[in-house]
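Quantities reported herein were computed from a predicted structural model and do not represent experimental measurements. Note: hydrogens, waters and symmetry copies are ignored here, and every other heavy atom, side chains too, is used.
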Amino acid sequence: METIIKNKKTRKLFIIILISIAAAVLTWAAPVKSVEYWFSDLFFVRQQNIDNRIKIIGIDEKSLQEMGPFPEWTRQQAADLLKVFDTEYSPAVVAFDINYFGERDKKGDSALAEYSKRFENVVMASHINFSTKLELNNNGDKTVNNLYIERIERPYEELAKVSHSGFTNVVQDEDNYVRRSYKAFYDENGRENYNFAYEIYRVYKELKGEAMVEPKTDKNGIYGFDYTTQQGIYEIYSYTDVLNGRCDLKAFKDSIVFVGAYSSGMMDQYLVPISKGTVMNGVEVQANHLNALLDERTFIEVPALTNAFITALIIGIFIFLIINIKIPYGVISGIVFILTTIIMSLVLYKNGIYWRCWNVVLCVFFITLIKIVHGYFQERINQMKILDMFRKYIAPQVVDELAKNKDFHIELGGITKDVAVLFIDIRGFSSMSEIMPPEKVIEVLNKYFDLVTNAIFNNEGMLDKFIGDAVMAVYNAPLDIKDYEKKAVQTGLDIVKALNKLNKELREEQGMEIACGIGIHCGKAVVGNIGCAYRMDYTVIGDTVNIAERLEGIARGGVINISQEVYDRVKDNFSAKPKGACTLKGKRKEVMVYEMEAAQDESGNS
């Protein structure tokens, strides 16, 4: 028994470890990372209050219609925009999310450089061209560098000298959504090049004399930023309206102005988590990025290996808790774990840590589902086993009632309840066995057991066991039945009647007959599964059983002995004559015994 218990514990521990490792591997490998991102966006990304310092001047359809196709524009249009801002209402920073690489026309190029120098706080866009290169690490091993900087495209030299610049490269996740950015890269001269939004943030804070709060980055120099709003919510002005004096310049005083493409034809749009299924213009992505930096709403992602360890730990604890509890408690535990996990991840997200918790949530959900399904089928299997077991010694109608009773189940152990117990035994069976061939003995026994079983089942009794040629029957177990004491007595009478008929056949065929003694008692007994974990027997034990057996032992052939307890309960329906006080084996006190007579009809007549 101890070995079995140890083996069960070992198997459970093995299951916990195996599933935990599987969950950790899934988390680390992230085969469904896009699903995790979808759930994270659903729970974490929320509309925020926009920073009113941020304005957008868009090169929209109206501007293109009035000013011509963008490829035909020179740098003069940008210079003219800065010239418009050369007033007392000038912005704090003007950021062009437009590539001004290489020289085009000298006049326009010089004009833009001149006004950028006059304005001072102008931020231009740069772009990093990455390639893949095989390199040697510090140990001399070859590694693949997928972020090898092949070239950095910057504004033309005259403009670069009088302006700031930041790279506009975006980081697109596996689902092609933009949520993160590289903070900086070092160029060939060892100079740090920041991303476009961060450079604007740095210039603005320096201008205002305010301290910067640098976002934390992972080992790859990446950080995430929380989107503030959907497309079209920031104050957006048409490029041509600003240029032609159709806007109140007071709106731009001390603001941070983004200038960028706002026409779908300019192909500067990205998928973003705050507006699922729709794209956002690149200039608004940059505005959201800056807004997050100003509000200190950036985050770093928990490393994959750490996340895998956390997942394994949580799943291991969860399985350990639910593996031995009942389904309802398992469901409640699953809900609690899921809600706790989501709340924890929300709290961490608000504090700048992005924990991809959805593998944990999904694992807990599916483990709970498996618990429910397994429990259901296990319950059905157990119920079928029980029903199959009871069909061998319970009346069919009682088995049908058991099948309907969803709350009925059998466990090791029992309950105390009032029952009636019947014992019957053949008198002189040993002598009969000696004079009859074995096959004849078996034939007679089968006929005898058949009539006894039918009598028990017809009266809704439970055939507890065969003990050689003896039979034990119980009434009011496993289910409660009405008038069980009467049905026990009626069983005895039915057996006597059936035996008389069988003996007539036996006298004609075998030249012999059998006589049986019957004893019936009722009272409290322990009813349930008795045995061990791998071998159980549903039975009844207690003094009530012992007395019934002793009553059968002193019964003459063809006689039914009942106790005082039984007599008191059935005397209104059956006749019995007192046999007197008898001393039963193993009992100190004498027991009053009655011998059954013919049953009365409903009127009480014999």
Q) So is Lys62 actually on top of Tyr262's ring, under 6.0 Å and inside 45° of the axis? A) no
Q: Give a yes or no answer on whether the side chain of Asp241 reaches the backbone of Cys247 with a donor-acceptor pair at less than 3.5 Å.
A: no
(Q) For Phe225, give me all partners under ring pair (Phe, Tyr, Trp, His ring centres under 6.0 Å), at least two apart in sequence or on another chain. (A) Tyr227, His289
Q) In terms of side-chain geometry, is the basic nitrogen of Glu66 or Arg246 positioned less than 4.0 Å from the acidic oxygen of its partner? A) yes
Q: Could you verify whether a donor N or O on one side chain and an acceptor N or O on the other, from Gln47 and Thr229, lie under 3.5 Å apart?
A: yes
Q.
On the six-membered ring of Tyr100, is Arg75 placed so that its NZ or CZ lies under 6.0 angstrom from the centre and within 45° of the ring axis?
A. no
Q) So, does Lys253 use its side chain to make a donor-acceptor pair with the main chain of Glu88 at under 3.5 Å? A) yes
Q: Would you kindly say whether Gln286 and Asp97 are connected by a side-chain donor-acceptor distance under 3.5 Å?
A: no
**Q.** Sub-6.0 Å ring centroid separation between Phe70 and Tyr239
**A.** no
**Q.** Any side-chain donor near an acceptor of the partner, Glu284 and Asn288, under 3.5 Å
**A.** no
Q. Hey, what's the ring geometry for Tyr349 with Tyr354, parallel, tilted or perpendicular (30° and 60° as the breaks)?
A. perpendicular
Q: Taking atom types as modelled, find out whether Glu150 and Tyr148 have a side-chain donor-acceptor pair closer than 3.5 angstrom.
A: no
Q.
With side chain to side chain contact (heavy atoms under 4.5 Å, CB included) as the test, pick out the partner of Ile128 among Ile149, Asn195, Thr168.
A. Ile149
Q: Measure up the Trp358 and Phe43 rings against each other and bin them: parallel (under 30°), tilted (30 to 60°), perpendicular (over 60°).
A: tilted
Q. Parallel, tilted or perpendicular for Phe196 and Phe258, by the 30°/60° rule?
A. perpendicular
Q: For Lys83, look at atom NZ and say whether over 12 heavy atoms of other residues, nucleotides or ligands are found less than 6.0 Å away.
A: no
**Q.** Under 3.5 Å side-chain donor-acceptor pair for Arg53 and Tyr204
**A.** yes
Q | Residues Tyr89 and Asp248: side-chain donor-acceptor under 3.5 angstrom | A | no
Q) Does the side chain of Gln77 pick up a donor-acceptor pair with the side chain of Thr74 at under 3.5 Å? A) yes
Q: For Phe85 and Phe119, run ring pair (Phe, Tyr, Trp, His ring centres under 6.0 Å): C-alpha distance rounded to whole Å, both residues' side-chain angles, the deciding distance at 0.1 Å, then the answer.
A: CA-CA 9 Å; Phe85 287 140; Phe119 194 78; 7.1 Å; no
Q. Only one of Leu348, Ile353, Val347 forms a side chain to side chain contact (heavy atoms under 4.5 Å, CB included) with Asn351, so which one is it?
A. Val347
Q | Test item: side-chain donor near acceptor, Arg297 and Thr228, under 3.5 Å | A | yes
Q | Residue list, salt bridge (Lys or Arg N to Asp or Glu O under 4.0 Å) with Arg46, at least two apart or on another chain | A | none
Q. Within a reach of under 6.0 Å around CG of Leu207, are more than 12 heavy atoms found that belong to other residues, nucleotides or ligands?
A. yes
Q.
Less than 4.5 Å apart, side chain to side chain, heavy atoms only: is that true for Thr217 and Ile222?
A. no
Q.
Whether the Asp41 and Tyr177 side chains hold a donor-acceptor pair (N or O, under 3.5 Å, no angle test) is what I'd like checked.
A. no
Q: Take Glu199 and Arg202 through the salt bridge (Lys or Arg N to Asp or Glu O under 4.0 Å) test and state the conclusion after the steps.
A: CA-CA 5 Å; Glu199 180 65 16; Arg202 188 190 65 78; 2.6 Å; yes
